[in-house]
Student: 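The structure is given below, and queries will be raised subsequently.
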Amino acid sequence: MKISVVVPAFNERERIGAVLEPIVSCSFVQQVLVVDDGSTDGTDHVVRQFPVDCIRWKENRGKAAAVWAGLKRVRDPVVVLLDADLRGLRPDHIVQMAEPAFENRADMVIGVFRGGRFWTDLSHMFAPWVSGQRAFRKETLEELPDLSRLGYGLEAALNKLARERGWRTQSVVLRGVSHVMKEEKVGLIRGLTERGRMYWEVGKGWLLSLNGRSPEEDRDP
């Protein structure tokens with residue numbers, strides 16, 4: 001099994017090392033693409049300490065754009081998407097996510113948190129579809145329309161495409177994994193503001209899916 005991993009990152013200097021370490025330690029991972037989405041805190045300096053490819057932008061373009069840039073460069077049969085602020089990630093978690101796609105049992109795998117911390121467990125218990133931890137067969141990704149301008153609405157668009165195209169979707173429990181909350185990164189007020197923007201983009205993608213609109217229609221004119 002050969003795996004490509006894509007990690008979008010924005011101002012994750014203090015956290016991304018703990019994510020990259022288990023990724024590069026996984027013997028099945030052949031390619032790691034980190035897309036530094038306009039970080040100003042030296043995230044790229046940490047990334048350069050690892051044997052990975054780094055795409056660095058001067059300006060912030062949003063999560064979907066960063067993921068899309070990475071997806072265009074993957075080369076292995078299985079592709080795993082991982083957030084840059086995870087806690088508790090282990091190499092076997094990556095294998096757990098990749099196996100259903102590699103064995104052609106699923107077109108999209110969603111990793112859900114359990115046993116990490118209360119708030120992230122609760123979030124994934126009620127809304128597992130918001131998880132950014134995903135695995136795909138490469139040929140599935142080759143069928144995707146351009147999703148680069150969806151921001152945090154990326155996951156909602158992927159869920160919509162899965163329903164429309166009849167993808168086989170499977171959830172995998174990532175035991176002991178969680179992520180750092182926005183309020184912990186940048187403080188309460190700014191964190192709540194950024195969380196509100198994130199929920200707006202996620203909700204917009206969800207509402208569009210209820211209205212039957214395609215991901216392409218969610219882009220700016």
Side-chain angles (χ1 to χ4, degrees), residues 2-12 16 19-20 23 29-40 43-44 47 50 52-86 94 97-98 101 106-111 129-165 167 169 179 182 194 197-209 213-221:
K2 294 183 178 180
I3 305 170
S4 288
V5 178
V6 176
V7 182
F10 176 62
N11 287 342
E12 298 290 358
I16 195 168
V19 175
L20 292 179
I23 293 174
V29 172
Q30 306 297 306
Q31 178 190 28
V32 184
L33 291 156
V34 176
V35 183
D36 183 351
D37 187 19
S39 296
T40 57
T43 293
D44 61 309
V47 173
F50 294 85
V52 304
D53 295 325
C54 183
I55 302 166
R56 187 170 187 271
W57 294 337
K58 293 182 179 180
E59 71 283 348
N60 180 255
R61 303 180 189 179
K63 181 179 181 179
V67 170
W68 191 250
L71 292 181
K72 289 192 294 184
R73 292 165 172 80
V74 295
R75 56 175 181 258
D76 293 304
V78 179
V79 180
V80 173
L81 308 181
L82 294 171
D83 292 336
D85 60 355
L86 297 178
I94 300 168
M97 292 182 60
D107 300 302
M108 180 171 70
V109 181
I110 302 176
W129 50 270
V130 303
S131 174
Q133 320 326 307
R134 308 268 172 143
F136 302 87
R137 297 163 62 233
K138 188 173 184 291
E139 53 262 42
T140 300
L141 295 173
E142 290 170 349
E143 303 172 0
L144 291 178
D146 185 350
L147 304 176
S148 63
R149 298 175 71 178
L150 297 181
Y152 285 111
L154 174 66
E155 286 79 16
L158 289 171
N159 298 333
K160 173 178 166 53
L161 286 168
R163 293 193 302 270
E164 289 180 343
R165 301 185 179 189
W167 289 355
T169 303
H179 66 75
K182 292 185 181 296
E194 292 188 5
R197 179 172 64 87
M198 178 184 73
Y199 285 158
W200 164 253
E201 292 180 0
V202 171
K204 183 180 177 183
W206 181 70
L207 289 172
L208 286 169
S209 70
R213 295 179 62 183
S214 67
E216 294 96 322
E217 293 178 277
D218 191 27
R219 294 181 291 174
D220 297 331

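Quick caveat: nothing in here was measured; it's all calculated off a predicted structure.
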Student: Please report the closest heavy-atom contact between Val109 and Ala101, naming both atoms and the distance.
Tutor: CG2-N, 4.2 Å

Student: Stepwise, does the side chain to side chain contact (heavy atoms under 4.5 Å, CB included) test hold for Asn159 with Ile110?
Tutor: CA-CA 10 Å; Asn159 298 333; Ile110 302 176; 4.2 Å; yes

Student: Without placing hydrogens or testing angles, list every side-chain donor-acceptor pair under 3.5 Å for residues 70-81, not counting sequence neighbours.
Tutor:
| residue | atom | partner | partner atom | Å |
| --- | --- | --- | --- | --- |
| Arg73 | NH1 | Ala69 | O | 2.8 |
| Asp76 | OD2 | Ser4 | OG | 2.7 |

Student: Which atom pair, heavy atoms only, marks the closest approach of Thr169 to Ala162?
Tutor: OG1-CB, 3.9 Å

Student: Are the side chain of Asn11 and the backbone of Thr40 linked by a donor-acceptor contact shorter than 3.5 Å?
Tutor: yes

Student: Between atom CD1 of Ile16 and atom OG of Ser39, what is the distance when rounded to the nearest 0.5 Å?
Tutor: 7.5 Å

Student: Indicate the atoms forming the closest heavy-atom contact of Gly62 with Asp37, along with that distance.
Tutor: N-OD2, 2.9 Å

Student: What's the shortest heavy-atom distance between Ala157 and Leu150, and which atoms?
Tutor: CB-CD1, 3.3 Å

Student: Heavy-atom distance under 4.5 Å between the side chains of Met108 and Thr140, does that happen here?
Tutor: no

Student: Has the side chain of Ser148 got a donor or acceptor atom that lies under 3.5 Å from a matching backbone atom of Trp68?
Tutor: no

Student: So, taking the atom named CD1 in Ile94 and the one named CD1 in Ile23, what distance separates them when rounded to the nearest 0.5 Å?
Tutor: 5.0 Å

Student: Is any side-chain heavy atom of Leu161 closer than 4.5 Å to one of Leu147?
Tutor: yes

Student: Please examine the side chains of Ile3 and Met97, heavy atoms only from C-beta on, and report whether any two atoms are closer than 4.5 Å.
Tutor: no

Student: Considering all heavy atoms of both residues, which atom of Ala84 and which atom of Pro8 are nearest to each other, and what is their separation?
Tutor: CB-O, 3.4 Å

Student: Taking the side chain as every heavy atom from C-beta outward, state whether Leu144 and Glu142 have any atom pair closer than 4.5 Å.
Tutor: no

Student: Could you check if a side-chain atom of Val7 sits within less than 4.5 angstrom of a side-chain atom of Leu33, using non-hydrogen atoms only?
Tutor: no

Student: Side chains of Phe136 and Asp107: does their closest heavy-atom pair fall under 4.5 Å?
Tutor: no

Student: Can you tell me how far the NE2 atom of His179 sits from the CG atom of Leu86, to the nearest 0.5 Å?
Tutor: 8.0 Å

Student: Which pairs with one or both residues in residues 57-71 pass salt bridge (Lys or Arg N to Asp or Glu O under 4.0 Å), sequence neighbours excluded?
Tutor: Glu59-Arg61, Lys63-Asp83, Lys63-Glu155

Student: Are side-chain heavy atoms of Leu20 and Val34 found at a separation under 4.5 Å?
Tutor: yes

Student: Is there a side chain to side chain contact (heavy atoms under 4.5 Å, CB included) between Asp36 and Trp57? Walk through the geometry before answering.
Tutor: CA-CA 6 Å; Asp36 183 351; Trp57 294 337; over 6 Å; no

Student: Heavy-atom distance under 4.5 Å between the side chains of Glu139 and Glu143, does that happen here?
Tutor: no

